[in-house]
Amino acid sequence: MLTIRRASEKDVAQVAQVAAAGWRYAYRGLISPEAIEDTLGRWYSTKTMLRRLTGPPLHVAEIAGKVVGYVQHGPVGDSIHEVYAIYIDPALLGQGIGWALWQQVVRDVRAGGGSAIELWVLQGNRLGIDWYTRQGGSVAGQREIELADGAHTEIRYRFDLA
């Protein structure tokens with residue numbers, strides 16, 4: 001049975017494992033393997049993950065005691081929340097885990113009086129782009145980011161909650 005709950009310190013290692021599997025799967029061919037590992041080392045170290053738990057909400061999806069996905073989001077304006085990260089164990093894609101996490105974000109945003117969700121997705125990440133498009137997102141901008149292997153373009157998606 002799938003459970004969505006707030007993450008705790010005991011989840012840090014499993015969240016980092018899901019992130020690593022997700023990054024390696026989603027960004028293979030878009031970002032060099034070295035840049036993927038560099039980013040994972042910086043963004044998902046135990047120290048960084050513990051610090052992230054003190055910030056905006058981080059929810060995990062759990063099946064039979066195992067973390068199989070997570071999402072972190074928070075307010076970035078009066079009525080806008082940003083999804084900072086959402087990853088699912090690639091072996092479990094297509095089973096509704098992402099949808100369940102997304103619904104948690106929508107509930108949190110609405111409960112906080114928000115009216116929109118925004119997020120950034122790497123250009124060329126068909127998995128993410130296709131999913132966000134199916135959820136009703138529209139392109140609202142783009143920016144360049146620097147990773148260990150150079151510049152990459154990110155696309156901003158916006159979801160208006162009517």
Side-chain angles (χ1 to χ4, degrees), residues 2-76 81-102 104-105 117-135 137 139-159:
L2 178 67
T3 303
I4 306 297
R5 61 173 176 76
R6 287 291 291 261
S8 69
E9 286 186 20
K10 72 179 182 62
D11 300 314
V12 165
Q14 290 187 69
V15 168
Q17 289 172 347
V18 168
W23 266 74
R24 292 175 185 132
Y25 183 82
Y27 303 126
R28 154 184 88 227
L30 296 175
I31 302 173
S32 73
E34 296 80 17
I36 290 172
E37 296 309 315
D38 175 72
T39 303
L40 289 170
R42 288 184 294 112
W43 293 1
Y44 293 95
S45 70
T46 300
K47 180 179 177 181
T48 300
M49 286 303 303
L50 290 171
R51 189 170 49 247
R52 286 175 72 174
L53 287 177
T54 66
L58 195 154
H59 288 89
V60 295
E62 182 180 70
I63 298 175
K66 181 180 179 196
V67 172
V68 296
Y70 78 98
V71 64
Q72 187 167 30
H73 69 90
V76 292
H81 271 234
E82 183 172 328
V83 171
Y84 304 116
I86 182 168
Y87 290 97
I88 311 306
D89 179 339
L92 300 173
L93 291 172
Q95 297 186 26
I97 298 165
W99 177 250
L101 287 167
W102 185 256
Q104 180 66 54
V105 174
I117 301 168
E118 293 186 348
L119 57 81
W120 294 93
V121 61
L122 193 67
Q123 185 174 358
N125 177 352
R126 293 307 325 163
L127 178 68
I129 290 169
D130 291 348
W131 198 85
Y132 300 134
T133 301
R134 284 194 311 272
Q135 305 320 311
V139 174
Q142 71 178 41
R143 67 182 178 192
E144 295 296 312
I145 61 165
E146 283 291 326
L147 297 175
D149 63 351
H152 294 272
T153 301
E154 283 188 315
I155 302 167
R156 186 176 79 212
Y157 272 78
R158 182 181 175 94
F159 306 81

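Throughout, numbering of the chain's residues begins at 1 and tracks the sequence.
- The heavy-atom pair separating A7 from L53 by the smallest distance is CB-CD2, 3.7 Å.
- Atoms CD1 and CD, on I63 and Q95 in that order, are 6.5 Å from each other to the nearest 0.5 Å.
- Scanning both residues, Y44 and A85, for their nearest heavy atoms gives OH-CB, 4.1 Å.
- Contact annotation: the side chain of Y157 approaches that of I129 to within less than 4.5 Å [non-hydrogen atoms, C-beta and beyond].
- With sequence neighbours left out, E154 forms a side chain to side chain donor-acceptor pair (under 3.5 Å) with R143.
- Every residue two or more places apart in sequence or in another chain that forms a side-chain contact (heavy atoms from CB on, under 4.5 Å) with P56 is listed here: Q72, Y84.
- For W131, the ring pair (Phe, Tyr, Trp, His ring centres under 6.0 Å) partners two or more places apart in sequence, or in a different chain, are W102.
- Counting all heavy atoms, side chain and backbone alike, R158 lies closest to A140 at CB-CB, 4.0 Å.
- Considering only residues two or more places apart in sequence or on other chains, H59 meets the side chain to side chain donor-acceptor pair (under 3.5 Å) condition with none of them.
- For residues 33-49, the pairs satisfying salt bridge (Lys or Arg N to Asp or Glu O under 4.0 Å) are R24-E37, D38-R42, with sequence neighbours left out.
- Shown here for T39 and W23, the closest heavy-atom pair between the two residues is CG2-CH2, 3.4 Å.
- Ring geometry, Y132 versus F159: the interplanar angle exceeds 60°, so the pair is classed perpendicular (tilted spans 30 to 60°).
- Taking each heavy atom of W43 and M49 in turn, the nearest pair found is O-SD, 4.2 Å.
- The two atoms that bring L122 and H152 nearest to each other are CD1-CB, 3.5 Å, heavy atoms only.
- Shown here are the side-chain contact (heavy atoms from CB on, under 4.5 Å) partners of E144, two or more places apart in sequence or in another chain: A151, T153.
- When atom types are taken as modelled, the side chain of Q14 and the backbone of V67 share a donor-acceptor pair closer than 3.5 angstrom.
- The CG atom of D89 sits 11.0 Å away from atom OH of Y25, with the distance rounded to the nearest 0.5 Å.
- Among residues two or more places apart in sequence or in another chain, the side chain to side chain donor-acceptor pair (under 3.5 Å) test is passed with H73 by H81, D108.
- Checked against side-chain contact (heavy atoms from CB on, under 4.5 Å), I88 has the following partners two or more places apart in sequence or in another chain: L93, I97, L101.
- At a threshold of 4.5 Å between non-hydrogen side-chain atoms, the residues I155 and W120 do not count as touching.
- Scored by the ring pair (Phe, Tyr, Trp, His ring centres under 6.0 Å) test, W99 finds no partners at all (sequence neighbours excluded).
- Under the side chain to side chain donor-acceptor pair (under 3.5 Å) criterion, T3 pairs with no residue, sequence neighbours left out.
- When the side-chain contact (heavy atoms from CB on, under 4.5 Å) test is applied to A100, the partners found at least two apart in sequence or on another chain are L2, I4.
- Applying the salt bridge (Lys or Arg N to Asp or Glu O under 4.0 Å) test to pairs two or more places apart or on separate chains, those with a residue in residues 4-14 are R5-D11, R5-E62.
- Judged purely by atom type and a 3.5 angstrom limit, D149 has no side-chain atom pairing as donor or acceptor with the backbone of A35.
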